[in-house]
Amino acid sequence: MYKAEGLEAFYAHEEQQLHEEKKVNSASIIKMLENAPSHIEIFLYAIDAYSKVQLSQTIKEYIKPCLSRIKTLRAWGIYTKKIQDELLLLLARFYQEDLDEWLWEYKKALSEFEKYSDYLDKLKVLYKRNPEKWQEEYIKEVVIGSNDIDLLTDAYQICKNTQESKLNDMYIQIANELTTKYISINSFLKAEEILKESLSHLEPDKDDNLLIDTWIILIDCYKQQEFFSKAILYQEKILKIRESVYTKKIKLYKNSDFGHIGHILSYYIKDYLNALDELGFSYYMLKRFEEAIILEEKSYLILQDLYKKESEEWVEAYTISLSNLASSYSKQNRQSEAIVLREESLEILRELYKENSDRWIENYATSLDDLASSIGKQKDFKKASELFETYFDVSDFENQDDITYFMYPFIKWYQCEQRLGKSNAIERLDDLALKLIGLYKEKLAEEYKVVINQEYDTYLPLKDSEDEFTREKYEIFVKIFTK
């Protein structure tokens, strides 16, 4: 290959070839790029030289193989900012000369260099010049690639004011993207207004997938405001659709020769289980525990069967279903049934934790806390205390910023030791509290007092409880966390 001192001769030869419109061998160019970075200077000079001569077809044929290698060159760390800028300038010239041929290549390069917003800006200009030609492309690209609320709003208004049926699906998609942005900035009323407008354009049975997508965003809007009674109206509709599809797919599966669940059927099962869980959670939050239990038991029975068939695939979903059902049983004072479920969950998660502690630590710790809490309610304070101790042994509070992971289990553990009357254990817990409170004061800094005040409001209603066991939790909180 050419050495540095021979570069000028090479450049002159290359430029002469270009002026003479001789076809460049694309394969040899790719080969040169594959040998980079030793030949990167040649590549740099070539791009620079091409920008100074007439933009002939030969030049364009030379550049196209370069575009196909953008990802590879970036992965190798070869593409410098100079190459990036030169290449984009060159593509801009091609794009201006022949829009239809070079728009896609220009867009791809801008996307690769994380300048997709530049492409959208240029596309918006094209749309303004010729709405009829560029309207669909502009809206489609905004839906795919924009996080800008102004661009989304602009595209939404275009769709809203256009009667073309081919834009209807894009109208719903862009409305959903826009409302997701509004929800993220807590503009719930604006989000709800747009979503309900979208729903007026959709027909049941004909647009079920878009309907469900839109309902899910509206449900999220309501859940973030804790309007669970409103969320339920749409969660019930989703469940009805998901259950119908699930029933049909299961019948097909049972009549087939498949020996395993398969990815496609798994997709429909997960949709149905998610619909059960989401509605069950809303019932739970509204204290409609009996209705929550009906749905959670359905989910539990399905997952129990799936776990037996393909344990690795379904183990996490199964242990979550055990926990959800146990929580609802506990609220209905069915503590013995709750404990049986929590014990099964803990047994499974303990083994998974032994195999891969990093992957399963949070699930395992949560299961320890849940079972300890249920057993504590049954007044088996010794066993509950042992479980809480294990929880604190395995938990990594250094990497946990949420103080409630320490606070809630600690108060319950402290209560167990008080009930057992073990003064040595109480002293040990007092020392542990000082250590962990010190850790969280350092982690949270000025936010620490804010968090403690918020938690005080959570525990305050327990102060006047007629149940002594409940009242004790408030007293322990005040003793440990408001010194």
Side-chain angles (χ1 to χ4, degrees), residues 235 239 242-243 246 250 261 265-266 268-378 380 383-395 404-405 408-409 412-413:
Q235 288 170 326
L239 179 58
R242 297 296 198 206
E243 189 166 45
Y246 166 80
I250 286 294
I261 301 300
L265 181 58
S266 174
Y268 293 111
I269 292 171
K270 287 175 181 177
D271 275 349
Y272 177 48
L273 290 171
N274 184 65
L276 287 168
D277 292 344
E278 287 290 319
L279 181 55
F281 177 76
S282 291
Y283 284 148
Y284 182 92
M285 294 303 292
L286 292 171
K287 303 188 188 313
R288 293 164 61 173
F289 301 119
E290 289 182 4
E291 291 163 284
I293 286 170
I294 290 169
L295 301 181
E296 289 162 352
E297 285 180 337
K298 281 186 180 181
S299 180
Y300 161 70
L301 291 171
I302 293 168
L303 282 162
Q304 185 182 54
D305 183 55
L306 292 168
Y307 175 66
K308 287 175 182 177
K309 291 175 180 176
E310 297 177 12
S311 60
E312 190 172 335
E313 169 73 18
W314 297 98
V315 62
E316 184 165 26
Y318 179 53
T319 54
I320 290 171
S321 77
L322 289 168
S323 176
N324 290 344
L325 183 54
S327 294
S328 293
Y329 281 162
S330 182
K331 290 295 184 181
Q332 291 292 86
N333 293 317
R334 296 165 64 175
Q335 294 299 341
S336 297
E337 292 168 274
I339 287 170
V340 169
L341 296 177
R342 295 199 191 285
E343 285 176 335
E344 183 182 356
S345 177
L346 182 59
E347 184 179 346
I348 294 168
L349 290 166
R350 183 185 288 116
E351 293 306 310
L352 292 171
Y353 173 75
K354 287 177 183 177
E355 293 171 12
N356 187 342
S357 59
D358 290 340
R359 165 65 180 86
W360 293 102
I361 173 59
E362 190 167 340
N363 302 67
Y364 178 50
T366 300
S367 186
L368 284 163
D369 179 28
D370 287 343
L371 180 57
S373 300
S374 288
I375 289 173
K377 289 176 182 176
Q378 294 288 78
D380 187 348
K383 187 174 180 181
S385 180
E386 290 169 356
L387 289 166
F388 281 126
E389 185 169 9
T390 305
Y391 172 91
F392 277 84
D393 285 343
V394 302
S395 295
T404 62
Y405 279 82
Y408 295 171
K412 290 178 283 188
W413 185 16

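What you see below is based on every heavy atom in this structure, not just the backbone, and it leaves out hydrogens, waters and symmetry mates. Residue indices begin at 1 and follow the sequence shown.
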Identify the two heavy atoms, one from A326 and one from L341, that lie closest to each other, and give their separation to 0.1 Å.
N-CD1, 3.8 Å
Hey, could you give me the CG/CG distance between L346 and L322, rounded to the nearest 0.5 Å?
11.0 Å
For atom CD of E291, is the number of surrounding heavy atoms from other residues, nucleotides or ligands below 6.0 Å larger than 12?
yes
Can you check side-chain contact (heavy atoms from CB on, under 4.5 Å) on S299 and Y272, steps first, answer last?
CA-CA 9 Å; S299 180; Y272 177 48; over 6 Å; no
Are the side chains of R288 and S328 in contact, using a 4.5 Å heavy-atom criterion?
no
For the CG atom of N324 and the CZ atom of F281, what is their distance to the nearest 0.5 Å?
9.0 Å
Just so I know, are the side chains of D370 and S323 near enough to count as touching, which here means a heavy-atom distance under 4.5 Å?
yes
Heavy-atom count around Q378 CD within 6.0 Å, excluding the residue itself: above 12?
yes
Validation row: V315, L349 side chains within 4.5 angstrom (heavy atoms):
no
Check A317 against L303 and note the closest heavy-atom contact, atom names and distance.
O-CD1, 3.5 Å
Between E344 and S367, does the side-chain contact (heavy atoms from CB on, under 4.5 Å) criterion hold? Intermediate values first, please.
CA-CA 10 Å; E344 183 182 356; S367 186; over 6 Å; no
Taking I302 as the fixed residue, which of Y307, Y246, Y318 is the one that meets the side-chain contact (heavy atoms from CB on, under 4.5 Å) rule?
Y246
Step through the shown structure and confirm whether more than 12 heavy atoms of other residues, nucleotides or ligands are within 6.0 Å of CD on E313.
yes
For a salt bridge (Lys or Arg N to Asp or Glu O under 4.0 Å) check, start with the C-alpha distance between K383 and E386, then their side-chain angles and the critical distance, and finish with the verdict.
CA-CA 5 Å; K383 187 174 180 181; E386 290 169 356; over 6 Å; no
Is the closest side-chain heavy-atom distance between L368 and F388 below 4.5 Å?
no
I need the I348 CD1 to N363 CG distance, nearest 0.5 Å.
11.5 Å
Between W314 and I269, what is the shortest heavy-atom contact and its length?
CH2-CG2, 3.9 Å
Heavy-atom pair of closest approach, residues A292 and G280
CB-O, 3.5 Å
What distance do R242 atom CZ and L273 atom CG have between them, rounded to the nearest 0.5 Å?
11.5 Å
Strictly under 6.0 Å, is that where the ring centroids of Y283 and F289 end up?
no
Pairwise distance OG1(T319) to CG(L352) - rounded to 0.5 angstrom
7.5 Å
Classify the side-chain pair E296/Y300 by whether it contains a donor and acceptor separated by less than 3.5 Å.
no
Take S395 and Y405 through the side-chain contact (heavy atoms from CB on, under 4.5 Å) test and state the conclusion after the steps.
CA-CA 9 Å; S395 295; Y405 279 82; over 6 Å; no
Once you round to the nearest 0.5 Å, how far does CG of D369 lie from NZ of K412?
4.0 Å
With a 4.5 Å cut-off on side-chain heavy atoms, are E316 and W360 touching?
yes
Before you tell me yes or no, could you show the steps for L295 and L239 under side-chain contact (heavy atoms from CB on, under 4.5 Å), namely the whole-Å CA-CA distance, both residues' side-chain angles and the distance that decides it to 0.1 Å?
CA-CA 10 Å; L295 301 181; L239 179 58; 4.0 Å; yes
Of all heavy-atom pairs between Q235 and E278, which one has the smallest distance, and what is that distance?
NE2-O, 3.3 Å
